[in-house]
2 protein chains.
Amino acid sequence: MLDALFKALSDPTRREILGMLRQGDLTAGEIAEHFNISKPSLSHHLNVLKQADLVLDERKGQYINYSLNTSVFQDVLAWFVNIVNNKDRGDNVEK
Amino acid sequence: MLDALFKALSDPTRREILGMLRQGDLTAGEIAEHFNISKPSLSHHLNVLKQADLVLDERKGQYINYSLNTSVFQDVLAWFVNIVNNKDRGDNVEK
DNA sequence: TAGATATTTTGAAAAACATCTAAATATATT
DNA sequence: AATATATTTAGATGTTTTTCAAAATATCTA
């Protein structure tokens with residue numbers, strides 16, 4: 001779960017896709033135009049993001065619209081805050 | 001940079017190492033004892049974490065002590081907050 | 001229904017990754 | 001100096017990931 005999530009985020013192309021989707025939904029084709037990789041490759045990346053629940057897809061006629069699923073980011077944020085705050089089991093030492 | 005960072009986080013063993021280090025510094029050997037993988041493998045994981053600046057290592061005699069480098073988490077947190085808040089270009093700040 | 005467009009699936013090849021054993025390096029102890 | 005302990009580096013192997021071209025699927029339009 002965090003596994004698929006971080007794996008999905010570990011690729012720069014995929015992170016850029018997420019950045020693009022912040023500004024608004026896009027079709028697979030529109031996303032593909034911004035990159036120098038084939039459509040099948042793009043499709044693969046979108047699928048990885050989908051498996052990680054980072055994006056949602058919805059068919060709109062011929063097109064498929066992709067959008068950000070921000071709710072999942074909460075989980076990752078929680079993980080990070082935990083690491084940084086050092087407050088997992090309330091038993092930590094000072095200094 | 002975010003690249004190495006997320007790649008480092010995308011492995012469950014490595015995330016568990018980070019969790020262990022929250023409670024305090026540990027030597028490579030102490031970390032290795034908690035896992036069912038060989039010491040060379042562990043060493044490899046520690047190196048990946050080091051390349052990503054997620055941990056620091058300091059030789060202490062025969063031992064090498066590993067510790068969390070929390071400062072790097074700031075960068076990732078910033079990235080996440082940006083994605084979630086939809087605020088990329090320094091404009092629009094209120095709230 | 002035939003043809004055009006949008007997207008995904010399949011199958012294959014190359015690159016990256018995780019893991020192991022064996023060997024090397026560094027330090028400590030006798 | 002010889003031996004023991006802690007850790008890393010090298011080299012090999014199996015697995016996963018990225019990528020592409022070709023084929024398949026879905027929808028739209030004429």
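Chain A is the first sequence line, chain B the second, and so forth, proteins listed ahead of strands; every chain is numbered from 1. Keep in mind that what you see is a predicted model, and the values were worked out from it rather than measured. Below, all heavy atoms of this structure are taken into account, side chains as well, without hydrogens, waters or symmetry copies.
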Student: Hey, are the side chains of A/Phe73 and A/Leu18 touching, using non-hydrogen atoms and a 4.5 Å cut-off?
Tutor: yes
Student: Roughly, in whole Å, what's the span from CZ in B/Phe6 to P in D/dT17?
Tutor: 18 Å
Student: Would you say B/Thr27 reaches D/dT7's phosphate, i.e. side-chain N/O to OP1/OP2 under 4.0 Å?
Tutor: yes
Student: What I'd like to find out is whether the side chain of B/Asp11 reaches to under 4.5 Å of the side chain of A/Phe6, using heavy atoms alone.
Tutor: no
Student: Please state how far atom CG in A/Asn47 lies from atom C1' in D/dT19, giving the value in whole angstrom units.
Tutor: 15 Å
Student: Over how many whole Å does the gap from B/Asp25 atom CG to D/dA6 atom C1' extend?
Tutor: 17 Å
Student: Would B/Leu2 and A/Ile83 show up in the same hydrophobic cluster when neighbours are defined by side-chain heavy atoms closer than 4.5 Å?
Tutor: yes
Student: Quickly work out the A/Leu49 CG to C/dT8 C1' distance and round it to whole Å.
Tutor: 15 Å
Student: What pairs of donor and acceptor atoms, side-chain ones from residues 29-47 of chain B against any protein atom, are under 3.5 angstrom apart with sequence neighbours left out?
Tutor:
residue	atom	partner	partner atom	Å
B/Glu30	OE1	B/Thr27	N	2.8
B/Glu30	OE1	B/Thr27	OG1	3.4
B/His34	ND1	B/Glu30	O	3.1
B/Ser38	OG	B/Ser41	N	3.4
B/Ser38	OG	B/Ser41	OG	3.2
B/His45	ND1	B/Arg14	NH1	3.1

Student: Are side-chain heavy atoms of B/Asp3 and A/Arg15 found at a separation under 4.5 Å?
Tutor: yes
Student: With a 4.5 Å heavy-atom cut-off, do A/Leu9 and B/Trp79 have their side chains touching?
Tutor: yes
Student: Any side-chain heavy atom of B/Ile17 sitting closer than 4.5 Å to one from B/Leu54?
Tutor: no
Student: Please list residues of residues 57-68 of chain A whose heavy atoms come under 4.0 Å from any atom in DNA chain D, ordered by number; otherwise none.
Tutor: A/Arg59, A/Gly61, A/Gln62
Student: Between A/Tyr66 and A/Leu26, is any pair of side-chain heavy atoms under 4.5 Å apart?
Tutor: no
Student: Let me have a per-nucleotide readout for nucleotides 14-20 of chain C, 5' to 3', with B, S or -, counting only protein heavy atoms under 4.0 Å.
Tutor: ---SSBB
